[in-house]
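Indexing begins at 1, ligand by ligand and atom by atom, following the structure's order. These numbers come from a predicted model, not from an experiment.
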Amino acid sequence: MRILNATSPINLFGLEGQSYEKANFIAIPVPYDSTMSYGTGSRKGPMAIIEASRHMELYDEELNSNPSDAGVFTTEEIEPDVDSPEKMVRRISKEVGIVMDDGKIPILFGGEHTIALGGIYAASEHYKDVSVLHFDAHSDSRGEFMGSKYSHACIMSRARERCSKCVSVGVRSIDSESARLYKDSIIYMRDVRGGKISDISKRISDMLSKNVYLTVDLDVLDPSEMPSVGTPEPDGMRYNQITSILKLVLHGKRLVGFDISELSPIPGIVAPDYLAAKLAYSIVGYSRKKV
Ligand SMILES: [Mn+2]
């Protein structure tokens, strides 16, 4: 892996003095957006998140701790493989595998959601019985899309081939066949809206195994809070809902890696970039601190 000795201007959360050896978390930017069907521009997402993250307060008042104490090292970007999304997934998986071999938790920043498969494949090869927790407005359950099995619209179909337990949360856009096939592993937005957060979180936890890979497509959020996505779907999750669920679910699990994908920054509107950075920081905190 081409690990840069990152200096503060490009380090996640603006952390200084981080080393790969000592860090528990390894942030990996993946500026890749070649299979997008609608909006494009998510290749600029990773750097926008890292830039926003440099201005955050490192003390988390909710957890009464500094999640960054776990050590977070930021690597060089993984270069896009323009040949095919499958090759790109393999490239990411190889690099994430090295991080997992070293006993560290990878944080991938997309880029389009296809990059999640790199994390999921590596996790399924390195850990027994890995389940996938997937936040997304879309079920991403097509067998094939626009001629590719590795399109962003297919990633959960590929994930289910590797991991028996996959749960999608916040879904509000799905084809009829997927709705029928995967009805027991999808928590729709209407379920989130209609239920208590504690009940929804318990339901999600019960559907997952101990080892969890988390993938967040930012379009799961309501476009009012997260307009910077290629395919915004109305009536989405609030930031507070996703963090409340993650806090409860990660409490009893072992997080083996996660990604945050699909940020397509809008020039001049930085709040969504901050949201994505803060979400990453909260996930680091929730996976460390048992609340
Ligand atoms: Mn989506």
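- S151 contributes no side-chain N or O that, together with a main-chain N or O of S148, makes up a donor-acceptor pair within less than 3.5 Å.
- Under a 4.0 Å N-O distance rule, the pair E225/R238 qualifies as a salt bridge.
- In this structure, R190 forms a cation-pi arrangement with Y188, its terminal cationic atom sitting closer than 6.0 Å to the ring centre and no more than 45° off the ring axis.
- At a cut-off of 2.8 Å, measuring from the Mn ion (ligand 1), the protein N, O or S atoms that fall short of it are D136 OD1, H138 ND1, D217 OD2, D219 OD1, D219 OD2, waters left aside.
- Here the side chains of T243 and Y286 are in contact, with some heavy-atom distance below 4.5 Å.
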Could you walk me through whether R162 and E125 pass the salt bridge (Lys or Arg N to Asp or Glu O under 4.0 Å) check? CA-CA 9 Å; R162 302 284 190 108; E125 282 156 17; 3.0 Å; yes

Residues 177-185, side-chain donor-acceptor partners within the protein, below 3.5 Å, at least two apart:
{"residue": "S178", "atom": "OG", "partner": "D175", "partner atom": "OD1", "Å": "2.7"}
{"residue": "S178", "atom": "OG", "partner": "D175", "partner atom": "OD2", "Å": "3.0"}
{"residue": "S185", "atom": "OG", "partner": "Y182", "partner atom": "O", "Å": "3.3"}

